Amino acid sequence: MNLGAILSDQDCVDEAIATFRKALTIKPDYLEALMRLGVALGHQGRMDEAETTLRKVLAIKPDYPEALMNLGVTLGP
């Protein structure tokens, strides 16, 4: 997950997405990895996938502030 975050920060979004997905195969309930995956998908313009991913996070933890904020950004004005 940390590698994915670094890759995302360096605008290596494809690699970040692959890394977040790998982290989730190891630990499917890793909410931060799932949230960051949603953000990375949004950065690629894959808004439907980003929304679905962020809603999965919120289904598990409805009060996750970063996921709420990122869902708002994904849904836009």
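Computed over heavy atoms, backbone and side chain alike; hydrogens, waters and symmetry mates excluded. These figures come from a predicted structure and were not determined experimentally.
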Identify each donor-acceptor pair in which a side-chain atom of residues 44-53 lies under 3.5 Å from a protein atom, sequence neighbours left out, and give them as a table.
unit_1 : atom_1 : unit_2 : atom_2 : d
Q44    : OE1    : R46    : NH1    : 2.6
Q44    : NE2    : D14    : OD1    : 2.3
R46    : NE     : E49    : OE2    : 2.9
R46    : NH2    : E49    : OE1    : 3.0
R46    : NH2    : E49    : OE2    : 3.4
E51    : OE2    : R55    : NE     : 2.9
E51    : OE2    : R55    : NH2    : 3.2
T52    : OG1    : D48    : O      : 3.0
T53    : OG1    : E49    : O      : 2.8

Pairs of donor and acceptor atoms involving the side chains of residues 70-77, under 3.5 Å and at least two apart or interchain, shall be tabulated with distances.
unit_1 : atom_1 : unit_2 : atom_2 : d
N70    : ND2    : E66    : O      : 2.8
T74    : OG1    : N70    : O      : 2.8

Report, one line per pair, each donor and acceptor closer than 3.5 Å where one atom sits in a side chain of residues 56-65; sequence neighbours left out.
none

Reported CD1-to-CE distance for the pair I6 and M1, which is rounded to 0.5 angstrom: 9.5 Å

Can you list the other members of the hydrophobic cluster that holds L3, where links are side-chain heavy atoms under 4.5 angstrom apart? L7

Distance-only donor-acceptor pairs under 3.5 Å for side chains of residues 35-42, two or more places apart:
unit_1 : atom_1 : unit_2 : atom_2 : d
R36    : NE     : E32    : OE2    : 3.2

For S8 against A16, the heavy-atom pair lying closest together: N-CB, 3.7 Å

